[in-house]
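Read the structure below first, then the notes.
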Amino acid sequence: MKIIETARFRASFEKLQKLTKQKVKKRFQLFLENIFHPSLHTEKLEPRHKNIWSFRVDRNYRVIFSPSSQDTILLLDIGPHDIYRKIR
């Protein structure tokens, strides 16, 4: 699987605290093994036709992504739960 990080994702990731970055890396390992691992709570976001998904890092943080092809994932952004408003 090929992972592409947008500039927005990289900038948001760099602003995170060290502990949160470590959590992201651990969750990302689960994500690479199984996008729908139960602890990630992966969900498709509204509006559904945009094909934008999220998974949980912890109670506060979410990673927003879009499968751009069968073997490529585009990481769009990462941030607190209210990040959903920025994506729509």
Side-chain (Ser66) to main-chain (Leu74) donor-acceptor, under 3.5 angstrom: no

Distance, nearest 0.5 Å, that separates OG of Ser54 from CG of Leu76: 11.0 Å

Any residue meeting ring-ring contact (aromatic ring centres under 6.0 Å, His included) with Phe31, in chain and number order, not counting sequence neighbours: Phe28, Phe55, Phe65

Any donor-acceptor pair under 3.5 Å from Thr6 side chain to Leu75 backbone: yes

Minimum-distance pair of heavy atoms, taken over all atoms of Trp53 and Asn51: NE1-OD1, 3.0 Å

Set of side-chain hydrogen bond (donor to acceptor under 3.5 Å, both in side chains) partners for Asp58, sequence neighbours left out: Lys23

Interatomic distance, Gln22 atom CD to Gln17 atom CD [nearest 0.5 angstrom]: 11.0 Å

Approximate separation, where rounding is to 0.5 Å, of Met1 CE and Glu33 CD: 11.0 Å

His41 backbone acceptor or donor facing Arg56 side chain under 3.5 Å: no

Main-chain N/O of Ile35 paired with Thr42 side-chain donor or acceptor, under 3.5 Å: yes

Distance in Å, Asn60 CG paired with Thr20 OG1, rounded so as to fall on 0.5 Å steps: 8.5 Å

Lys/Arg-Asp/Glu bridge criterion (N-O < 4.0 Å) met for Asp71, Lys2: no

Hphob cluster co-occupancy, Ile78 + Leu19, side-chain heavy atoms under 4.5 angstrom: no

Pairs meeting criterion salt bridge (charged side-chain N to carboxylate O under 4.0 Å, His left out) with involvement of residues 9-19, two or more places apart: Glu5-Arg10, Glu14-Lys21

Pairwise side-chain contact, Val63 with Phe9, heavy-atom cut-off 4.5 Å (strictly under): yes

Nearest-0.5 Å distance, CD1 of residue Ile4 to OG1 of residue Thr72: 5.5 Å

Over 12 non-hydrogen atoms of neighbours within 6.0 angstrom of NZ in Lys44: yes

Test side chain to side chain contact (heavy atoms under 4.5 Å, CB included) applied to Asp77 and Arg62, step by step: CA-CA 8 Å; Asp77 208 349; Arg62 306 292 187 269; over 6 Å; no

